[in-house]
Number of protein chains: 2
Amino acid sequence: MTDSCIIRHFEHYAELGQDDRELLDSLEKTPKDFSKGQLIWQQGMESDHFYTVRSGWACSFRNMEDGSRQVQDLYVPGDIVGLREFAFRRRVSNLLTVTNTTLCPFPKNRLTDVFSTSRLLCNLFFLIAARDQAILVERLINLGRRTAREKVAHFLLEMAHRLDKACMDVHDCNHLPLTQVLLADALGMSTVHANRTLNELKQESLTALGPDGITLLDRDGLKDVAGFDPEYLDADVEGLLKNIGAPASSQPA
Amino acid sequence: MTDSCIIRHFEHYAELGQDDRELLDSLEKTPKDFSKGQLIWQQGMESDHFYTVRSGWACSFRNMEDGSRQVQDLYVPGDIVGLREFAFRRRVSNLLTVTNTTLCPFPKNRLTDVFSTSRLLCNLFFLIAARDQAILVERLINLGRRTAREKVAHFLLEMAHRLDKACMDVHDCNHLPLTQVLLADALGMSTVHANRTLNELKQESLTALGPDGITLLDRDGLKDVAGFDPEYLDADVEGLLKNIGAPASSQPA
DNA sequence: GACCGAACATAACCTATGTTATGTCGCAGT
DNA sequence: ACTGCGACATAACATAGGTTATGTTCGGTC
């Protein structure tokens, strides 16, 4: 298997031709290591690259005037970070590493070349953007219409499910390297209440808390709490491939 | 000017070549009229088309188990509805008209043809998807980290700003045909509280309430309340066009 | 091995917002 | 003209979740 992040990423979905691989390979830059808690970009900076996550976790967020923070999304191995900023010259949010992380940079304005050169990759990029939207919508629903308990359970399940699918070098998909502060900021609640809720779930043996994050003990139980349905995470790659007449990946999706 | 919704939509951004126009024209179907309060599609239905809004308003939403509703987004003239579903075989949300509406259907799986045929359109579609994401993220922040007052003010400003940009046959961009129920469902709050908040803003002469919707009276005042910054709505079309070497639209963006 | 700062825990108290209930108004249909 | 319904208004009351405060634990560092 290739060493390139982004090739690896796409081969997860579909079998790439030699052309596609070469194209991607020529554009991707060498991976960069970031340590935990490092600010990778800041609102207002020029948005010239996006990244593929090779290992580790990152999050995008925005600082509010009152000093609080809203985390917009978390990124796990295999995710593409910063596609959103395709439409903007400057970054509209901050990006921070959650753990030690390796990212592969890709120049934003070369995306255009990819679009015109590879029908397959163009469509896959679009599919990914659509799935990203679906994730945002689901979080919207989480924030708007669920209780703290439901929010937390739902969010944990989503991240675990995304880890499952990432299927990269992740060992234990039930373990999430999240601090309670981060969780609270992602779910629009206070740290104190995040703690309360998490401990509640712990009492019920649904989760476990360690110094290095949160562990899911009982996914079915959590599912009952949250009403979680992973449908929105499962993009219809096969349908797309069939539509554009491309061979599917040999790997299971 | 053309009669096609989608051509009109894109010409708003950039000058289309004759090829592009013909391509779009061949794919778009004849406009369809819907009356106020009509359910256009439902969760679970096959997602075979997306729509361009020619006139009127629509909203996408999801019904929750407890009977409540979360509105995901509103669509105004010029918007494209349903691009999100590109990644999914079935619709992941419901679509409802807010007013009488005219929509132009476009078969989803022909998008692929557009991508491979027109470099310009492909990039514009991607830009639109990215802007849609930015809108969702901003709503996320709204729900997560703002008070009811701020939420309402921010949301009203966003919609007004989007109307400004739509620049289609909209007469008064300060008038939004929203019911209080809809507003509440979009902002994840109760109708009662939406009413309270709206009346508060009305006391301060920031908005006016009529039987047919909400009117913005003092955008600057609302801006002060909400801390609204329209940056996330203003996609960098020029940068994109320059990057792909296409001529800009003669019309002001 | 003393010090420091994250992250976590817990309690007491407070408030923004939800809930329930009831009433008015205007308008569409009969 | 009567009825019914949907949108809006408002008041009384309930509560989920925020805020403030204080303490513990633990890993890093000089």
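To find a chain, count down the sequence lines: A is the first, B the second, and so on, and within it residues start at 1. For clarity, every value in this text was computed on a predicted model and none was experimentally measured.
If you check every strand for non-hydrogen atoms under 4.0 Å, B:Gly37 touches nothing. Contacts of A:Gly213 with the nucleic acid, taken as non-hydrogen atoms under 4.0 Å apart, are absent. Using a 4.0 Å heavy-atom criterion, one finds that B:Thr147 contacts the sugar-phosphate atoms exclusively.
Rounded to whole angstrom, the span from the CD atom of B:Gln180 across to the P atom of D:dA9 amounts to 5 Å. Separating the CD atom of B:Glu200 from the P atom of D:dT10 is a distance of 13 Å, rounded to the nearest angstrom. Rounded to an integer number of Å, the gap from B:Asp185 CG to D:dA7 P is 11 Å. Atom CZ in A:Arg145 sits about 12 Å away from atom C1' in C:dT17, given to the nearest Å. We find that CD of B:Glu150 is positioned 15 Å from P of D:dG18, with the value rounded to whole Å. For the pair B:Arg196 CZ and D:dA9 P, the computed distance is 13 Å after rounding to whole Å. Straight-line distance from the NE2 atom of B:His193 to the C1' atom of C:dT15: 11 Å, rounded to whole Å. The interatomic distance linking A:Asp212 (CG) with D:dT25 (C1') rounds to 15 Å, in whole Å.
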Applying side-chain hydrogen bond (donor to acceptor under 3.5 Å, both in side chains) to A:Gln38 and A:Thr97, what does each step give before you reach the verdict?
CA-CA 5 Å; A:Gln38 212 174 330; A:Thr97 56; 5.4 Å; no
Given A:Gln133 and B:Arg84, is the side-chain hydrogen bond (donor to acceptor under 3.5 Å, both in side chains) satisfied, shown in steps?
CA-CA 6 Å; A:Gln133 275 198 38; B:Arg84 247 208 294 297; 3.3 Å; yes
Starting from the C-alpha separation in whole Å, work towards a yes-or-no answer on side-chain hydrogen bond (donor to acceptor under 3.5 Å, both in side chains) for B:Lys32 and B:Thr102.
CA-CA 6 Å; B:Lys32 259 173 110 169; B:Thr102 306; over 6 Å; no
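If you run side chain to side chain contact (heavy atoms under 4.5 Å, CB included) between A:Ile135 and each of A:Asp79, A:Leu233, A:Leu74, only A:Leu233 comes through. When the options B:Lys151, B:Lys165, B:Arg219, B:Arg139 are evaluated for a salt bridge (Lys or Arg N to Asp or Glu O under 4.0 Å) with B:Glu158, the one that passes is B:Arg139.
With distances taken from any side-chain atom of A:Val192 to the nucleotides C:dC8, D:dA12, D:dT19, the minimum falls on D:dT19. Ranking D:dA7, C:dT19, C:dA9 by closeness to the B:Ser190 side chain, first place goes to C:dT19. Among the nucleotides D:dA9, C:dT10, D:dG18, the one closest to any side-chain atom of A:Asn199 is C:dT10.
In this model, no side-chain donor or acceptor of A:Arg149 finds a partner on the base of D:dG17 within 3.5 Å.
Distances shorter than 4.0 Å separate none of the side-chain N or O atoms of A:Asn195 from OP1 or OP2 on C:dC8.
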